[in-house]
Amino acid sequence: MPELPEVETVCRTIAPHVIGRRVLAVTVRERRLRKPISADFASRLTGRTIHAVARRAKYVLLDVGDGLRWAVHLGMSGRFCVGDPPPDLPHVHVLVELDGGVRLYFRDPRRFGLMLLSESEADLGELGVEPLGEDFSAELLWSLSRRHRRVSVKTLLMDGRLIVGVGNIYANEALHHAGIRPGRRCAKLTRADTVRLADAVRFVLERAIASRGSSLLDYRDADGNAGEFQRMLHVYERDGAACRTCATPIRRQVIGGRGTFYCPRCQR
DNA sequence: ACATATTCCTGGGGGC
DNA sequence: TGCCCCCAGGAATATG
């Protein structure tokens with residue numbers, strides 16, 4: 001499940017293969033992603049040069065000039081890979097050939113991903129603050145928590161209209177690091193909580209990027225390599241296992257329809 | 001206006 | 001072994 005650290009890792013691994021390269025051919029095999037790939041996607045992308053690769057929220061953004069960005073969202077099962085897919089590999093929806101013999105392919109069994117050409121950020125939906133950017137702070141969390149007093153703090157962290165890139169894995173991990181129970185209502189957060197939580201979100205995301213992401217199920221970077229952060233998880237998918245801090249069994253609960261994991265002793 | 005439920009999709013796991 | 005059922009998940013949309 002690609003979240004911010006995984007998408008950042010895909011951007012970093014794909015960039016050296018594609019920057020400065022021209023798109024020679026685009027093949028769309030399956031348009032039906034979460035939103036259909038537009039009919040003119042291939043013709044608009046072909047012939048353009050990739051100038052830069054960046055991440056915004058959970059999107060990989062390839063700058064193809066004239067203010068146009070090739071935007072790729074991996075959904076939950078998407079992979080954006082360098083090279084040729086094995087001949088019979090199913091669910092390969094888009095193939096791209098660049099000059100210099102570089103090939104890319106997009107594979108997404110569950111088709112929750114997106115592929116589009118974006119002229120402005122508005123095309124990407126309503127995107128909140130980057131948690132590793134300058135606008136993210138304890139003050140921001142405090143003001144969000146005052147504006148959304150009734151929702152749980154975990155739901156707040158995972159609302160991409162407010163804060164981007166934090167999905168289920170890293171919301172659970174950050175709350176454990178901050179010692180805050182996921183189901184706590186935002187109204188009950190103190191300023192001190194928001195200071196610890198802002199630090200925890202940044203800390204967990206930075207550590208995960210340093211480990212090249214978490215490989216649960218089938219996440220891989222653009223070169224096909226797995227991440228390592230799953231070995232450092234403290235709570236996610238560890239229900240029943242001993243808390244790494246205090247050995248109390250980790251509990252599981254459903255919040256906002258998502259599996260939620262916490263230590264009942266470390267997190268209040 | 002705000003909060004929660006539903007929807008999309010498929011691989012994989014559990015139960016029998 | 002095989003089949004059925006159900007679940008996971010991001011984000012848009014629908015419903016309360």
Side-chain angles (χ1 to χ4, degrees), chain A residues 1-8 10 29-38 55-61 71-80 85-86 88-94 106-116 118 121-131 143-174 182-189 201 205 208 213-220 226-227 229-230 233 235-240 252-261:
Chain A
M1 296 137 272
E3 301 180 26
L4 186 154
E6 291 75 31
V7 178
E8 182 66 33
V10 170
R29 290 184 181 169
E30 174 59 82
R31 299 193 180 282
R32 295 173 300 165
L33 304 185
R34 184 154 58 81
K35 287 183 196 164
I37 299 174
S38 70
R55 181 193 57 75
R56 171 77 173 108
K58 294 173 187 165
Y59 286 91
V60 179
L61 297 177
V72 182
H73 195 295
L74 303 176
M76 69 171 291
S77 60
R79 285 197 208 175
F80 193 26
D88 297 323
L89 187 69
H91 311 298
V92 175
H93 305 316
V94 181
F106 176 76
R107 175 170 194 253
D108 184 9
R110 295 179 197 181
R111 309 210 319 260
F112 271 29
L114 292 169
M115 174 117 16
L116 66 146
S118 158
E121 195 173 290
D123 301 332
L124 308 180
E126 191 183 339
L127 300 181
V129 167
E130 286 288 338
S143 76
L144 290 177
S145 74
R146 297 304 93 181
R147 228 162 19 129
H148 301 272
R149 318 178 119 257
R150 299 171 63 174
V151 302
S152 70
V153 57
K154 180 176 183 241
T155 300
L156 187 88
L157 285 181
M158 290 180 64
D159 188 335
R161 297 166 299 184
L162 307 176
I163 300 162
V164 298
V166 181
N168 205 25
I169 298 171
Y170 298 107
N172 278 294
E173 293 299 312
R184 176 114 64 96
R185 300 291 129 180
C186 286
K188 295 208 164 188
L189 288 177
V201 167
L205 293 176
S214 302
S215 289
L216 298 153
L217 299 183
D218 55 3
Y219 163 77
R220 293 293 184 278
F229 194 72
Q230 67 278 6
L233 298 176
V235 288
Y236 186 77
E237 291 273 280
R238 293 192 72 243
D239 46 317
R252 182 183 193 277
Q253 175 190 356
V254 174
I255 292 177
R258 298 282 177 263
T260 301
F261 306 88

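Here is the naming used below: chain letters follow the sequence lines, and residue numbers restart at 1 for every chain. What's counted below: heavy atoms across the whole structure, side chains too, no hydrogens, waters or symmetry copies.
Under 4.0 angstrom from either OP1 or OP2 of dG11(B) there lies at least one side-chain N or O belonging to H91(A).
Every residue two or more places apart in sequence or in another chain that forms a side chain to side chain donor-acceptor pair (under 3.5 Å) with E8(A) is listed here: R12(A), R55(A). Legend: residues meeting side chain to side chain contact (heavy atoms under 4.5 Å, CB included) with V92(A), ordered by chain and number and at least two apart, are R29(A), P85(A), L89(A), L95(A), Y105(A), R107(A). Every side chain to side chain contact (heavy atoms under 4.5 Å, CB included) that K58(A) has, sequence neighbours left out, goes to E3(A), V7(A), H73(A). With sequence neighbours left out, the side chain to side chain donor-acceptor pair (under 3.5 Å) criterion links T260(A) to K154(A). Under the rule for a side chain to side chain contact (heavy atoms under 4.5 Å, CB included), the partners of R56(A) that lie at least two apart in sequence or sit in another chain are L61(A), E121(A), L127(A), E130(A), V164(A). For F106(A), there are no ring-ring contact (aromatic ring centres under 6.0 Å, His included) partners at least two apart in sequence or on another chain. Scanning for side chain to side chain donor-acceptor pair (under 3.5 Å) contacts around E126(A) gives an empty result, with sequence neighbours left out.
For E30(A) and dC9(B), the CD to P distance is 10 Å, given to the nearest whole Å. dG11(B) atom C1' lies 13 Å from atom CG of L89(A), rounded to whole Å.
Heavy atoms of G257(A) sit nowhere under 4.0 angstrom from any nucleic acid atom.
Along DNA chain B, the nucleotide nearest to R111(A) and the one nearest to R147(A) differ in position, and the one closer to the 5' end is contacted by R147(A).
In this structure, E237(A) CD and F261(A) CZ are separated by 4.5 Å, a value rounded to the nearest 0.5 Å.
Axis deviation across the helix from dC2(B)-dG16(C) to dC16(B)-dG2(C) amounts to 60°, comparing end segments of five pairs, rounded to 10 degrees.
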Hey, what are the protein-to-nucleotides 10-13 of chain C N/O distances that come in under 3.5 Å?
unit_1, atom_1, unit_2, atom_2, d
dG10(C), N7, R258(A), NH2, 2.6
dA11(C), OP1, H73(A), NE2, 2.9
dA11(C), OP2, K58(A), NZ, 3.4

